[in-house]
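Values below: all heavy atoms of this structure, side chains included; hydrogens, waters and symmetry mates excluded.
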Amino acid sequence: MSKVGNWQLGREMEFPYEGARPARQIAYVFDTNKCIACQTCSIACKTTWTSGKGQEHVFYNNVESKPYGFFPHGWDVHLLEKLGTGRWSGGTYEGKTVFEAAAPNERVLGYAPDEADYASPNLGEDVIAGTIERGAFFQGIHRAWMFYLARICNHCTYPACLAACPRKAIYKRPEDGIVLIDQSRCRGYRECLKACPYKKVFYNAITRVSEKCIGCYPLIERGEQPQCVQTCIGKIRLQGFLSPPGSERADNPLDYLVRIRKVALPLYPQFGTEPNVYYVPPLHVPRDFLAQAFGPGVEEAAAAYRSAPTDRELLGALLLFGNTPRILHRFRAEAEEAIGYDAEDREVVRVPYTEPFFAREFFDRKNDVYRHNVT
Amino acid sequence: MKPKVLLAIPIAVAVVACESRPPATSGGSAATSIRVSRVAEVPLDDVDAAAWRSAATAEIPLMAQGVAYPMLDRASVAKLAVQAMADARWLGIRLQWSDPARDDDTQVDRYTDGVAVEVPLRDVPAANPMMGSKDNPVYLAHWKAVWQHDVEEGHRDVQDRYPGFWADHYPFASGGEPFPVSEAFQTSDARRYFPATTAGNPVSKLERRWPVEELHAEGFGSLADHRFQDARARGRWRDGVWTVVLLLPRAVADPANPSFPDGAKRQMAFALWEGGAGNVAGRKHWHPFVEVGLP
Ligand code: SF4
Ligand code: SF4
C-alpha cells in the first residue's frame with residue numbers, strides 16, 4: 001500500500017498504487033435541488049451506450065429517490081453497514097476507507113450484489129421518508145422529505161475498481177482522469193464490481209466482462225459535455241475539469257464551485273475514492289442524513305447556495321448549467337450576464353441573470369384563438 | 001501508477017497416493033510425479049473411457065491461493081486426481097475432483113467451475129508457478145464449465161436465463177423478438193453493443209468450438225490467449241464429481257506451446273475454481289509444479 005493525499009478526507013490514506021493525479025480531472029456538479037427525476041439522462045445514456053442484449057440492467061446513469069431508492073438495491077446502505085461508523089473531526093475523516101478496511105485477502109472492502117438487486121431500477125421512486133401528519137399536506141410545509149439523486153461513475157481519483165482489478169485491465173487516463181475498462185483485456189472477474197463503492201461497474205452476462213461509464217470520452221475529446229449533461233431537462237448538470245489541489249483557478253467553473261465556494265460536495269467521501277461528481281446538497285433534507293451522504297461540508301454548501309440570488313459570481317457559475325453543449329474552461333460574471341469560454345478561450349455561451357419576460361394576451365386576436373400552454 | 005511488487009512464496013510439492021472416492025479412480029499411486037502411459041489414441045469422446053482405468057492416478061492436494069490479490073480465504077476442494085496418457089499427437093490429462101454443484105453459468109453473483117494446468121516454457125527450476133515471470137513465461141490450458149455448456153448447448157442467451165424476458169427493440173438487431181444473440185446480431189452495427197466481442201476479447205466470443213483456452217503468462221495480470229488454439233477438452237459433471245480431459249498437443253509449430261517429446265520430463269502446476277464457492281480470478285485453489293514423465 002502507498003500513502004496518497006485525499007483532500008476530501010483532509011488526510012493521507014492507503015491506496016494500492018502510488019498517487020498519480022491527472023493533469024486535469026473530469027468532474028461534474030449536479031444540483032440536486034433542480035432534478036425532477038425525468039430520467040432523460042438515464043435514457044440518453046442507455047440509448048447511446050447500453051442498448052445491447054446483455055445490457056438490459058446496465059444503467060451507467062440512474063436517478064434514484066433518496067432515502068429509499070437504490071440501484072442496485074441497497075448499494076450504499078450495505079457498504080455503510082460493512083464499513084461501520086467513521087467520525088469526522090472538523091474536515092478530517094477519522095474512520096476507515098474501503099481500502100483501509102479491506103479484509104487481508106482483498107484490496108478493497110466491497111460486496112457483490114445479488115442478481116435480483118438489479119431487477120428494480122426504480123424501486124423506491126418518490127417514496128418519502130416517513131408519513132405526513134394529518135392535515136400537514138394542506139398546510140404547505142411538512143416534515144416528510146425525499147430527493148432525487150442522479151448517479152454516474154465518479155471517475156474517482158483513487159478508483160476502487162482499478163485498485164481491485166488483478167489484471168490491470170482498468171486504467172485512468174492521464175489526460176482527463178476518465179476511468180475505463182479495457183474491453184479487450186477484461187476477463188470478467190467482477191472484482192471491480194465488488195470493489196466499486198458506488199456499484200457503477202456492471203457485469204454483462206452475454207459478453208462475460210464488466211462494463212462501466214466511459215465519461216462519453218468521444219464527446220470530451222471534441223470539447224463537448226457528456227450525453228447525460230447535455231440532455232438534462234432540469235439543467236442540473238455541469239461537466240468540466242478540476243485542477244489539481246493547490247492550483248485551482250477562480251475563473252474555472254468547476255474549481256470555483258467545488259474547491260473555492262464549496263457549494264458542491266462529493267457523495268460518500270468517507271469511502272475514500274475521492275469521487276468527482278459533486279452535489280449541491282438538497283436544502284430541505286435533514287442535516288444528519290446529508291452529513292452521512294456528503295460529509296462535513298453540508299452547512300457551508302447550503303449557506304453558499306442560499307446566498308446565490310445576491311451573489312453575482314456564484315449565480316453566474318450556476319446559470320451556466322445546461323446552457324451549452326461545450327465544455328467550459330473559464331467563466332466570467334458580468335453585470336447582467338454570465339459568460340462561458342471553451343478550451344480555446346472562445347466565448348460559447350452568454351446567460352442573462354434574469355430571462356427576458358414576455359406577457360402574451362390570453363386571446364390571440366390575429367388568429368382568433370385562445371392561447372393555451374401548448375400554443 | 002506503479003504496481004506494488006508481490007513476491008511468490010515457493011511452496012513444497014506433495015503428491016500422494018489416491019485411493020479415495022470421489023474422485024473415483026483406480027490405480028492410485030504414491031509417486032510424487034505424474035506417470036504418462038502410452039496408448040494408441042487418447043480418448044476424448046468419453047471422459048470415462050476404459051483406457052483411463054489402467055492409468056496411474058496422482059492425487060494432488062490443493063491449497064487456497066494466498067500469494068496474490070485477491071486471495072482465496074478458504075479451500076473448499078481438498079484434492080485433484082490426475083491421470084495422464086499420451087498418443088502420437090496428444091498428451092491427455094484427466095482431472096477429477098468433488099464439487100457438489102455444476103456451476104456452468106456466470107452472472108453478477110454466479111461464477112463458473114474451472115480447472116487449469118500450467119507448464120513452464122523455458123528454464124524449469126527458475127519458473128514461478130504463480131503465473132510465471134517475464135524471463136520464464138508459462139503456458140496454460142484452462143477449461144471452464146461455462147465453455148463446456150457453450151459447446152454442448154450454445155451460448156446462454158437472456159431468455160435462457162429469464163424465459164419470460166421480452167424487449168421490443170435492440171438497435172440494429174435483425175428479425176424480431178426474442179432477438180437471439182446467435183442470429184439477430186450478425187452485422188458490425190448490431191455488434192457495437194457487444195463492445196468486448198467487437199474488441200476481440202477471447203472471453204467474449206459468442207461461438208466456441210472447444211471448452212478450453214490456451215494461454216500465455218509472464219507474471220500476475222499478464223494472461224493472454226494464444227493466437228492459435230490447439231488444445232482440446234471435454235468435461236462432465238456427474239453425482240458431485242467433475243471429470244475433465246484436456247488434450248495438449250505434443251508438438252506444434254507455435255513457440256508459445258510447450259513440447260512433450262518421448263522420454264521428456266516436464267513440470268505441471270494446477271489451478272481449480274469452485275464457482276459455487278465464489279472462486280474467480282486469484283480466488284482459486286492451486287498446487288505448484290509436479291513432474292510429468294513422458295513414456
Ligand atoms: S465510481 Fe466506481 S467505477 Fe467509477 S471510478 Fe469510482 S470506483 Fe471506479
Ligand atoms: S435529466 Fe436531469 S433533471 Fe432529468 S432526471 Fe436526469 S439529472 Fe434529473
Against chain B, label [X] side chain, backbone, both or neither, depending on which of its atoms sit under 4.5 Å from a heavy atom there.
| X | answer |
| --- | --- |
| A/P174 | neither |
| A/E106 | both |
| A/T50 | backbone |
| A/R190 | side chain |
| A/E115 | both |
| A/I206 | both |
| A/Y203 | side chain |

Exercise. Using 30° and 60° as the class limits, which term best fits the ring planes of B/F165 and B/Y162: parallel, tilted or perpendicular?
Worked result: tilted

Problem set entry | Residues B/E274 and B/R102 bridged, charged N to O under 4.0 Å | no

In terms of heavy-atom proximity below 4.5 Å to chain A, should [X] be classed as side chain, backbone, both, or neither?
| X | result |
| --- | --- |
| B/R192 | neither |
| B/L223 | both |
| B/D160 | neither |
| B/R110 | both |
| B/F172 | neither |
| B/S222 | backbone |
| B/D157 | both |

Problem set entry | When B/V280, B/T106, B/L72 are compared by non-hydrogen pairs under 4.5 Å with chain A, the top option | B/T106

Seminar exercise, completed: Residue from B/V181, B/D105, B/D225 scoring the most non-hydrogen pairs under 4.5 Å with chain A is B/V181

For this session: Dump the intermediate steps for salt bridge (Lys or Arg N to Asp or Glu O under 4.0 Å) on B/R283 and B/D73, then the final yes or no.
Result: CA-CA 8 Å; B/R283 298 175 199 271; B/D73 48 4; over 6 Å; no

Can a donor-acceptor pair be found between the side chains of [X] and [Y] at a distance below 3.5 Å?
| X | Y | answer |
| --- | --- | --- |
| B/Y193 | A/Q55 | no |
| B/W210 | B/Q229 | no |
| A/S42 | A/N61 | yes |
| A/Q227 | A/Y60 | no |
| B/D113 | B/W242 | yes |

Exercise. Is A/K212 positioned over the aromatic face of A/F202, cation under 6.0 angstrom from the ring centre and no more than 45 degrees off axis?
Worked result: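 Not satisfied by the 6.0 Å and 45° rule.
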
Exercise. Think A/K172 forms a cation-pi with A/Y158, using NZ or CZ under 6.0 Å from the six-ring centre and within 45 degrees of its axis?
Worked result: no

Problem set entry | Steps toward side chain to side chain contact (heavy atoms under 4.5 Å, CB included) verdict (A/W75, A/E64) | CA-CA 11 Å; A/W75 67 272; A/E64 55 200 42; 2.7 Å; yes

Problem set entry | Which of A/P113, A/A112, A/G188, A/A102 touches chain B most, by non-hydrogen pairs under 4.5 Å |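 Top option by heavy-atom pairs under 4.5 Å: A/P113.
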
